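Here the structure comes first, spelled out in structure tokens, and everything after it is commentary.
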Amino acid sequence: MAKTKKSKAAKKKAVTTKKTAPVKKADMESTVKKAIVSIQPEPIKAIVPVEAMVKAIQPVANADKPARDISYDPQAIEKKWREKWEEDKLYRSVIDESRPKHYALTMLPYTSGDLHFGHWYPMAPSDARARFKRMNGYNVLFPIGFDAFGLPAENAAIKRGIHPKEWTYKNIDNMRRQLKGMGTMFDWEREAISADIEYYKWTQWFFIQLFKHGLAYRKMAAVDWCPKDNTTLAREQVVGENRVCERCGTPVIKKDLEQWFFRSTKYADELLRFDGIDWPERVKTLQTNWIGRSEGASVIFKTEAGDDIEIFTTRPDTLWGATFMVFSPEHPLVDKITTPEQKSVLDEYKIQAARESDIEREAVGGEKTGVFTGSYAINPVNNERIPIWIADYVLMSYGTGAIMAVPAHDERDFAFAKKYALPIVEVIRPDGGSEAEEDDPSTGSGQRMQAAYIGPGVMVNSDPFNGTKVNTEKGRKNPGIAAVIDWLEAQGIGKESVNYRYRDWLISRQRYWGAPIPMVYCKTHGWNPVPEDQLPVTLPDDVEWKPTGESPLKLHPSWKNATCPICGEPAVRETDTMDTFMCSSWYHLRYLSPDYDKGPFDEAEYNYWMPVDTYTGGIEHATMHLLYTRFFHKAMRDAGIVEGNEPMMQLRNQGIILGEDNEKMSKSRGNVVAPDELVAMYGADALRAYLMFAYRWQEGGLWNSNGIEGTFRWLRRVWTIFTESGDSSRRIAIASDSPATASDETKRTLRRRVHQTLRRVSGDFEQFEFNTIVSSLMELLNEMYKAREAGAAGTPEWKEATEIYLKMLAPIAPHIAEELWTNQLGRPYSVHQQPWPKVDEAAAKEDVIELPVQINGRVRDRITVPVEASEEEIRSAALASEVVQKYLEGRQPKKVILAHRRLVSIVV
RNA sequence: GCCGGAGUGGCGGAAUUGGCAGACGCGCACGACUCAAAAUCGUGUUCCCUACGGGAAUGAGGGUUCGAUUCCCUCCUUCGGCACCA
């Protein structure tokens, strides 16, 4: 596709260069394209002077008709109005008990340097919707800030040799300017930056609250380590089947380290419930799968020496079929139970398993390997003596690190048993299966089984449960499993149990650019939090922040020296910093009162604004930020700091805008389109409208720079109809005393279209259907051109149409709407403070309805009847139609169906 | 393998949730204006045929229905997530 376009453009270019045209559009286009698509490490600069490009695409006022002022110059009006709005504090949000509040939140940007479509695409429609809500009488809070700590800032700073702080704050200045250029209604007085001392002081304070409530703890564990970024990562930040670092794509390795964790798993069950919140099913599913709840039972097996071996199983109904046990190579009992003659084989296997990365393990193609320990366990349900093996398909990180193996009814155990010739005992027989069928490979038992059977059936070889029916339900919903669990509990050898894939949140980072963890270690008193009145623990500027593999703060000569808050003796600070996702777990609270210094937020502001009513942002955060912030809120609720069970009531995710090459936009791929260039050419209004119009917002898609011409033309046509309304110039748009030449029918139709559009647009804003909002407004404009042609200009209906039109346009294209409202219509400033118009249902109603008439499922004719026509009248009108009579050929119709007064269907 | 999105003209997409498939826009073609170009305005634009008429078509095939892009079944493609989870 790209190829074809290129060659077309090249052809065009060849043609135009032959002639000596003063303005060569093809030339200009290709130059611009080059400018915005090429690989540019620095913020992209225009190759062609911006003014020249803008002039080139502006319609030049025709010298013959000086009265016609049709030059829509977005650059001029956009800048003018933004300055005016800022000066007037038009978007300042303050508590107002007399109005309902609406907290609209869009995910805060990371301070990566440039605002790109990844920012515009969610923000522009979110801004439009926030404006819509405001016009609908809500006191809207729509704040913005910056996620300023973290690895990317530090890595970029290292690459450029400047301090992360300097790099970050420079980027913030640039991004703030760009954000303002979008024409958003952000309340800049509520801006919050996570790297500000006043901000991270409270991030640290929250850490201490978590610690005090037993939700922050330090433990030695095998953790994920990114060898490129030189830091540990949370489980959520290791992605993909190759288990790579979420930030840099490097495969992670396991390291045994003592780290700080948040006890997020305590909330696993509550995080699975989404009661009372309106979140997309997709996000709920992702989070549910991530938490990975499994119901089953824990059962205590014993070694022959009498040690307990706890295992977890989702299939306690198959306990009688456990013919061996498998331990993870790292299981603590392994050394103890290994017999002397097996020791050397086992040690070798363990070393090999430890050396192999997860990828290499998988590369074997699922082939299972293992080694016999030489020891045996006793199966508590039937006292069978069964061998204990170790194998790396059993993970220490899930369950107890030991499993009972039931080869007859588990595929992995089956493969393992076949490979090492271990016994296979059938304990679930398929419905209808019998002894006689035992030779049938699919239902037979013993070594004749060809595959594990995992379907429903009847328990066999399982005294005292023989004959018990088992289905495929999980947990207690399965009667067979429920019966076995009850029995296990009565026998005292097991109990109902639940396991999760979800892990506690590892928050230590061995990096400089983050909020220091406010903990101090004393030889006598261990780890204690820095007293709250001594916060913040300030991040020092004079640190060798370049990577060494050690935490940079550790290398500072004096920073880590502290005193123990208990005894006052010398102690050392924690030198790790916090995961930046901790900073972003509470930013929506800092927006409430960014300058407040008596706490993380002002309670009065909290009580008025929280919870967040509408949250918009990317789905890529489903199992990271969106899960962290829910955990954080619930933990702080239990600490008595916040209220309610959920922080964000409604969530909507936009899709991703990919580069023209179907790849995610990134500088390294060279497929980044810079919004600044398009703003310079078409204005922020056209770009906002284009981003709303071009895609289903939830889906996203491939970027296409050409399409913006369409929304730009639309806005220019809007401009034209408001500024050029015939002989009597601009007054005609609002005048009601001009001679109205339009027929009643024209005026009636105009009003109908206006109110129908208003109804549609209002509903679509609520539903986040942004593309049809713009298309409806385009359609209405086309109708207005027709109405003007028919002499509607100057009528009261025209006046109403123009006013409603600009109000509907205001959230989408705020600048042009303001200019036309205030300066062309001469209506009171500002259009953004106008109430949203009300639908006049009577006006929106149709006088007549046109119904298609189907004969045997095919549309053959259309009839027009008055809206108030009875069903009987519609039927006879349909049958009276000449076309219908022709098709009937004198026969009587079998059936005449009138569907919702929308269609007549005749069956012959 | 499991879970979840999505498949509609050359392209982005619409279709009041079972009722006229292709709104709106891009692109393209032709026309008007122009010495000419750009811009603008107008007309046309799913495909096929023997063309003022008729037929086919919403990833493929089947089903329910007077009627299916929409509901059900079986596949296919594609995107995302999880994955030796016991």
Side-chain angles (χ1 to χ4, degrees), chain A residues 1 4-5 8 16 19-25 28 56-60 62 70 239-241 280-286 288-290 292 294 296 311-315 326 358 361-362 364 366 368 391-395 397-406 410-413 415-416 499-501 619-620 622-623 655-656 690 693-696 698-699 701-702 704 706-711 713-714 716-717 720 759-760 763 769 771-772 774-779 782 785 850-859 862 893-908:
Chain A
M1 194 190 81
T4 339
K5 269 194 182 148
K8 258 187 204 168
T16 44
K19 300 171 186 172
T20 46
V23 181
K24 294 175 233 166
K25 187 177 182 244
M28 191 197 78
I57 56 156
Q58 291 309 317
V60 181
N62 194 322
I70 55 159
V239 297
E241 56 184 320
E281 285 304 319
R282 216 167 141 198
V283 174
K284 292 196 239 176
T285 307
L286 286 171
T288 302
N289 290 346
W290 183 258
S294 294
I311 60 107
F312 171 76
T313 177
T314 54
R315 294 293 307 273
V326 187
D358 291 327
R361 283 192 198 183
E362 276 176 28
V364 190
K368 310 229 171 330
D392 60 12
Y393 82 88
V394 175
L395 311 173
S397 56
Y398 185 79
T400 62
I403 61 160
M404 67 165 185
V406 183
D410 180 279
E411 282 170 21
R412 288 152 305 163
D413 298 344
F416 197 83
N499 242 288
Y500 302 90
R501 190 201 327 274
I619 192 145
E620 67 272 18
T623 57
I656 302 173
Y690 180 56
F693 175 64
Y695 310 90
R696 272 184 285 208
Q698 298 85 339
E699 296 298 325
L702 261 51
N704 177 1
N706 297 327
I708 194 174
E709 288 281 353
T711 46
R713 275 177 208 154
W714 166 54
R716 189 157 51 190
R717 273 162 59 76
T720 303
R759 185 166 56 196
R760 169 102 208 231
E769 309 262 357
N771 53 349
T772 46
V774 177
S775 66
S776 304
L777 288 176
M778 286 173 168
E779 280 183 275
N782 294 341
Y785 265 94
E850 195 195 63
L851 299 97
V853 181
Q854 290 187 345
I855 296 166
N856 290 340
R858 293 193 162 277
V859 177
R862 282 156 222 282
K894 264 191 205 150
K895 239 190 211 177
V896 180
I897 297 155
L898 176 61
H900 308 130
R901 303 176 68 83
R902 248 185 251 152
L903 174 142
V904 183
S905 186
I906 298 170
V907 189
V908 180

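Since the structure is predicted, the reported quantities are computational estimates derived from the model, not experimental observations. By convention in this document, chain letters (A, B, ...) are assigned in the order of the sequence lines, proteins followed by strands, and residues within each chain are numbered from 1. Below, each value reflects all heavy atoms present in this structure, side chains not excepted, and no hydrogens, waters or symmetry copies.
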**Prompt:** Taking the same atom, C1', in B:G80 and in B:A86, what whole-Å distance lies between them?
**Reply:** 27 Å
**Fill in**
When A:Val774 and A:Tyr785 are each assigned the nearest nucleotide of RNA chain B, the 5'-most assignment goes to A:Val774
**Complete:** Given the 90°-from-0 boundary between syn and anti, B:G9 should be labelled syn
**Message:** Between P on B:G18 and CZ on A:Arg901, what's the gap in Å once rounded to a whole number?
**Reply:** 20 Å
**Message:** Within the structure provided, determine whether A:Val853 and A:Ile906 are in side-chain contact (heavy-atom separation under 4.5 Å).
**Reply:** yes
**Message:** Taking only the P atom of each, what is the distance from B:C11 to B:A23 in whole angstrom?
**Reply:** 15 Å
Quick one: which protein N/O atoms are closer than 3.5 Å to N/O atoms of nucleotides 12-15 of chain B? Pair and distance per line, please.
| unit_1 | atom_1 | unit_2 | atom_2 | d |
| --- | --- | --- | --- | --- |
| B:G12 | O2' | A:Ala694 | O | 2.1 |
| B:G13 | OP1 | A:Gly700 | O | 3.4 |
| B:G13 | O3' | A:Asn771 | ND2 | 3.0 |
| B:A14 | OP1 | A:Asn771 | ND2 | 2.8 |
| B:A14 | OP2 | A:Arg696 | NE | 3.4 |
| B:A14 | OP2 | A:Arg696 | NH1 | 3.2 |
| B:A15 | OP1 | A:Arg760 | NH2 | 3.1 |

**Message:** Can you tell me if A:Asn782 touches the phosphate of B:G25, counting only side-chain N or O atoms and a distance under 4.0 Å to OP1 or OP2?
**Reply:** yes
**Message:** Taking the P atom in each of B:G22 and B:A68, what is the distance between them to the nearest angstrom?
**Reply:** 16 Å
**Message:** Measuring from the side chain of A:Tyr393 (C-beta onward, heavy atoms only), which nucleotide among B:C84, B:C24, B:G27 has the closest atom?
**Reply:** B:C84
**Prompt:** C1' atom, B:C79 versus B:C28: distance in rounded Å?
**Reply:** 30 Å
**Request:** Among B:C85, B:A23, B:C41, find the nucleotide with the atom closest to the side chain of A:Glu779.
**Result:** B:A23
**Asked** So what does A:Trp290 hit on the nucleic acid, given a heavy-atom distance under 4.0 Å: a base, only sugar-phosphate, or nothing?
**Response** sugar-phosphate
**Asked** Within a reach of under 6.0 Å around CD of A:Glu850, are more than 12 heavy atoms found that belong to other residues, nucleotides or ligands?
**Response** yes
**Item:** B:C26 versus B:C41 - spacing of their P atoms, nearest Å
**Value:** 10 Å
**Message:** Quiz question: by atom type and distance under 3.5 Å, do the side chains of A:Arg501 and A:Asn289 form a donor-acceptor pair?
**Reply:** no
**Request:** Check whether any side-chain heavy atom of A:Val394 sits under 4.5 Å from a side-chain heavy atom of A:Phe416, and report yes or no.
**Result:** no
**Request:** Round to a whole Å and report the spacing from CD of A:Gln698 to C1' of B:G4.
**Result:** 16 Å
**Request:** For residues A:Thr313 and A:Ile403, determine if any side-chain heavy atom of one lies less than 4.5 Å from a side-chain heavy atom of the other.
**Result:** no
**Item:** Any side-chain heavy-atom pair of A:Leu851 and A:Leu903 under 4.5 Å
**Value:** no
**Request:** Look at A:Arg501 and B:A86 and indicate whether a side-chain polar atom (N or O) is within less than 4.0 Å of OP1 or OP2.
**Result:** no
**Item:** Atom pair distance, as rounded to whole Å: CZ in A:Arg282 and C1' in B:C3
**Value:** 12 Å
**Request:** Can you tell me which stems involve RNA chain B, if a stem is defined as three or more consecutive Watson-Crick or G-U wobble pairs, both distances under 3.5 Å?
**Result:** B:1-7 with B:76-82, B:10-12 with B:24-26, B:27-32 with B:40-45, B:46-49 with B:53-56, B:59-63 with B:71-75
**Complete:** Between the CG atom in A:Asp410 and the CZ atom in A:Arg315, the distance rounded to the nearest 0.5 Å is 9.0 Å
**Asked** Quick one: salt bridge (charged side-chain N to carboxylate O under 4.0 Å, His left out) partners of A:Asp413, sequence neighbours excluded?
**Response** none
**Separation of atom CD in A:Glu620 from atom C1' in B:G5, rounded to whole Å** = 15 Å
**Prompt:** Does a side-chain N or O from A:Thr720 land closer than 4.0 Å to OP1 or OP2 of B:U40, or not?
**Reply:** no
**Request:** Tell me, please, which residues at least two apart from A:Glu699 pass side-chain contact (heavy atoms from CB on, under 4.5 Å).
**Result:** A:Arg696
**Asked** To the nearest angstrom, how far is A:Leu777 atom CG from B:C24 atom C1'?
**Response** 11 Å
**Message:** Measuring to OP1 and OP2 of B:G27, would you say a side-chain N or O of A:Arg713 lies under 4.0 angstrom away?
**Reply:** yes
**Prompt:** Can you give one letter per nucleotide of nucleotides 65-70 of chain B, 5' to 3': B if a protein heavy atom sits under 4.0 Å from the base, S if only from the sugar-phosphate, - if neither?
**Reply:** -B----
**Request:** Indicate yes or no: at least one non-hydrogen side-chain atom of A:Thr772 is less than 4.5 angstrom from one of A:Phe693.
**Result:** no
**Request:** If the glycosidic angle is within 90 degrees of 0 it's syn, otherwise anti, so just tell me which one B:U17 is.
**Result:** syn
**Request:** Give A:Arg717 one of three labels, base, sugar-phosphate or nothing, depending on what nucleic acid heavy atoms sit under 4.0 Å from its own.
**Result:** sugar-phosphate
**Fill in**
By nearest-heavy-atom nucleotide on RNA chain B, the more 5' of A:Thr711 and A:Leu851 is A:Leu851
**A:Tyr398 vs A:Tyr500, ring-ring contact (aromatic ring centres under 6.0 Å, His included): CA-CA, chis, key distance, verdict** = CA-CA 8 Å; A:Tyr398 185 79; A:Tyr500 302 90; 9.4 Å; no
**Message:** Rounded to whole Å, how long is the line connecting atom CG of A:Asn706 with atom P of B:G10?
**Reply:** 18 Å
**Asked** If you measure from the C1' atom in B:G31 to the same atom in B:G19, how many Å do you get, rounded?
**Response** 38 Å
**Any A:Arg902 side-chain nitrogen or oxygen under 4.0 Å from OP1 or OP2 of B:G19** = yes
**Item:** Proximity to the side chain of A:Thr285 - top-ranked nucleotide from B:C82, B:C41, B:G4
**Value:** B:G4
**Message:** So does A:Gly655 get a backbone contact from the side chain of A:Tyr695, meaning a donor-acceptor N/O pair under 3.5 Å?
**Reply:** no
**Prompt:** Rounded to the Å, how far apart are A:Glu411 CD and B:C2 P?
**Reply:** 10 Å
**Prompt:** How far does the P atom of B:G5 sit from the matching atom of B:G9, given to the nearest Å?
**Reply:** 22 Å
**Message:** Does B:A39 have OP1 or OP2 under 4.0 Å away from a side-chain N or O of A:Arg716?
**Reply:** no
**Interatomic distance at C1', B:A57 relative to B:U8, whole Å** = 10 Å
**Prompt:** Between A:Tyr500 (OH) and B:A86 (P), how many Å, whole number?
**Reply:** 13 Å
**A:Tyr393 backbone acceptor or donor facing A:Arg412 side chain under 3.5 Å** = no
**Message:** Taking side-chain contact (heavy atoms from CB on, under 4.5 Å) as the definition, give me every residue that meets it alongside A:Arg282, ordered by chain and number, with sequence neighbours left out.
**Reply:** A:Ile619
